[in-house]
Amino acid sequence: MGRPIQFIIATMQLQNLVQRFTSDIVGEEQFEKMLVKSSADNKPLRVKFGIDPTFTDVHLGHSVPIRLLRAFQDHGHLPVLIIGDGTARLGDPTGRNEQRPALTAEDVARNSATYLDQIGTILDLDPAKCEVRHNSEWFGGMNFFDALKLASQSTAARLLERDDFKKRMQQNQAVHLHEMMYPLMQGYDSVMVESDVELGGNDQLFNLHMGRRMQERAGQRPQICMTTPLLLGTDGRKMSKTYGNHVGLNAGSNDMYGKIMSLSDDGMPLWFQLATTMRDDEISQCLAGHPRQAKDALARNITSQIHGDDAANAAAEAFVQQFVKNKIPDEINECIVGESAMKLASLLKEAGLVASTSEARRLLKDGAVKVDSESQSDPNWLVELSATDAVLLQIGKRRMINVRCASS
RNA sequence: GGGGAGAUACCGAAGUGGCCAAACGGGGCGGAUUGUAAAUCCGCUGGCUCUGCCUACAGAGGUUCAAGUCCUCUUCUCCCCA
């Protein structure tokens, strides 16, 4: 029985995308066979991706595997999205030199709620097209003996091979026993959802392997592991909220465009490859031109994926006004304070532009502060406020706000 | 269980009785420059009612005119031996 031509084309498309978005594939030989069988049996592949609700923002770095997941979805396969509300309780040590604090059940619940919204900007979460699971479903009911059984699935030596653990051991840093359970938990997720393929960032390779091994032990067909390259942050380091170099999927269009524009030139090729919808030839063309133009195209493409073309164009325009022409943006947040006159240093704090009056004083001394576009340096200057005409406070190019006082 | 080392600001790391709100590096934030950047140069980087005062060097006590620095206990981490 011959394969329909559509299937061959679709498979090639999918494989091209897989190519573009992956750095490592474990079990690549079996992947094509799996695709063929899936088509023959009319049974979509179960493609797993897990994310722990350990923080509130999902960023573009996380979006790379999600985009690949979307590609699978578009080709008729079934994303199995695991919200790691069980694993998050443990604190994922991945890529860190110190363990993440274990979160409380409330933290996790709150974060989980915002996750699906953000992921939904990329993935189609229609229950008919996507399976969403929370791993507390199986970890929540485990008792200590179940956990021991889980622990017996691997060995200390094997777990210590993990790069992150190895490094910390070498640096005489603590590796706690419960952290070593993490790969086992992630692997067990694969067993529970019977995944055919698992996606993850390339720092996840160890954990993905664990899923394969555990599935084999459980008598299942071992999953294909695909890792995506890590999208670097705007400063060239690993994208991470703690570095402040991330672009959140829930960022507003202006913010998103602006942050991407602050990416260093060197970072562009990787971003084009992993975060845009552009074809390879379009990308090459962009990169051959002026870096400013290329970055604009990059930022527009990504921003419009999330916010739409109009918002992206508006963001680009606003950016030029604010940062290239140094103009004050059209829309500025406004705040209202209780008093009709305040010392400048206190006012800056009251308006939320700085964390403390000490910081305000320093910035004033540095000449960073403008009031109604005039540089000011005296922290004790008494600023008169009115209820109708706002006073514009500015610190640098980015921090600005209009202030009025409450009408009495 | 025994022995040893250690815990300093956002991070790394100096400091072993006064000159310590704490060197130095990174990060961050401002300023100059620019193509939005990057690089470079300069400045800042605990708080306040700010030429002074208050709170800080794991935690709690103590010695001293004076403690990040000395003593005691507690907590946590690492290493070696069992």
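Letters A, B, ... mirror the listed sequences (proteins, then strands); counts begin at 1.
Across all strands shown, B/C19 remains unpaired; no Watson-Crick or G-U wobble contact has both distances below 3.5 Å. Searching all strands for a Watson-Crick or G-U wobble partner of B/A37 with both distances below 3.5 Å returns nothing. Base pairing analysis places B/A14 opposite nothing; no Watson-Crick or G-U wobble pair with both distances below 3.5 Å involves it. Nucleotide B/C53 is matched to B/G47 when pairs are restricted to Watson-Crick or G-U wobble geometry with both distances under 3.5 angstrom. Pair assignment for B/A66 gives none, since no Watson-Crick or G-U wobble pairing has each distance under 3.5 Å. Shown here, B/G1 forms a base pair with B/C81; the pair counts as Watson-Crick or G-U wobble because both key distances fall under 3.5 Å.
Heavy-atom nearest nucleotides on RNA chain B were determined for A/G367 and for A/P291, and the one closer to the 5' end corresponds to A/G367. Residue-to-nucleotide proximity on RNA chain B shows that, of A/G258 and A/R362, the 5′-proximal contact is made by A/G258.
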request  = Check the pair A/E359 / A/R399 against salt bridge (charged side-chain N to carboxylate O under 4.0 Å, His left out), numbers first and verdict last.
outcome  = CA-CA 14 Å; A/E359 187 186 348; A/R399 280 177 272 182; 3.4 Å; yes

query = Does the pair A/S112 and A/D85 meet the rule for a side chain to side chain donor-acceptor pair (under 3.5 Å), with working shown?
reply = CA-CA 7 Å; A/S112 299; A/D85 61 344; 5.3 Å; no

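Distance, A/K365 NZ to B/G43 P: 11 Å, rounded to whole Å. Atom pair A/R398:CZ and B/G30:C1' shows a separation of 12 Å (rounding to whole Å applied). Between the CD atom of A/Q173 and the P atom of B/G12 there is a distance of 8 Å, given to the nearest Å.
Classification of the A/H62-A/H59 ring pair by plane angle, with boundaries at 30° and 60°, yields parallel. Using a 30° and 60° split on the angle between ring planes, A/Y188 and A/F139 fall in the tilted class, from 30° to 60°.
Rounded to the nearest Å, the gap between the C1' atom of B/A14 and that of B/C79 is 23 Å. A gap of 24 Å separates the C1' atoms of B/C54 and B/A23, to the nearest Å. To the nearest whole angstrom, the two C1' atoms, one in B/G17 and one in B/U63, are 12 Å apart. Comparing the P positions of B/A67 and B/G18 gives a spacing of 11 Å, expressed to the nearest Å. As rounded to the nearest Å, B/C19 and B/C57 have P atoms that lie 16 Å from one another. Taking atom C1' on both B/G2 and B/G12, the two are 33 Å apart, rounded to the nearest angstrom. On the C1' atoms, B/A58 is 14 Å away from B/A9, given to the nearest whole Å.
A side chain to side chain donor-acceptor pair (under 3.5 Å) with A/S195 is found for one member of A/R46, A/Q220, A/Q223, A/R221 and no other, namely A/Q223.
Listed nucleotides: B/G30, B/C79, B/G35. Nearest to the side chain of A/H290: B/G35. Listed nucleotides: B/G43, B/A37, B/U77. Nearest to the side chain of A/A174: B/U77. Across B/G43, B/A37, B/G28, the shortest atom-to-atom separation from the side chain of A/D235 is found for B/G28. Relative to the side chain of A/S264, the nucleotides B/U77, B/G35, B/A38 differ in distance, and B/A38 lies closest. Residue A/D366 has its side chain nearest to B/G30 when only B/G30, B/A37, B/U77 are considered. Closest approach to the A/S356 side chain among B/C48, B/U77, B/A37 is made by B/C48 (side chain taken as heavy atoms from C-beta onward).
Closest approach of A/A297 and A/C286 over heavy atoms only: CB-SG, 3.8 Å.
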Could you run down the sub-3.5 Å N/O contacts of the protein with nucleotides 49-51 of chain B?
unit_1: B/U49; atom_1: OP2; unit_2: A/T357; atom_2: OG1; d: 3.1
unit_1: B/C50; atom_1: N3; unit_2: A/R361; atom_2: NE; d: 3.2
unit_1: B/C50; atom_1: N4; unit_2: A/T357; atom_2: OG1; d: 3.2
unit_1: B/C50; atom_1: N4; unit_2: A/R361; atom_2: NE; d: 2.9

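Contact annotation for A/I260: no contact, since no heavy-atom pair falls under 4.0 Å across all strands. Among the atoms of the strands shown, only primed sugar atoms or phosphate atoms (P, OP1, OP2) are found under 4.0 Å from some heavy atom of A/K349.
Side chain to side chain, A/K48 and A/S190 meet the donor-acceptor criterion of an N or O pair below 3.5 Å. Side-chain polar atoms of A/N313 and A/E317 form no donor-acceptor pair below 3.5 angstrom.
With hydrogens and angles ignored, a donor-acceptor pair under 3.5 angstrom links the side chain of A/D265 to the base of B/G35.
Of the possible donor and acceptor atoms, one in the side chain of A/H290 sits under 3.5 Å from a partner among the backbone N and O of A/R292.
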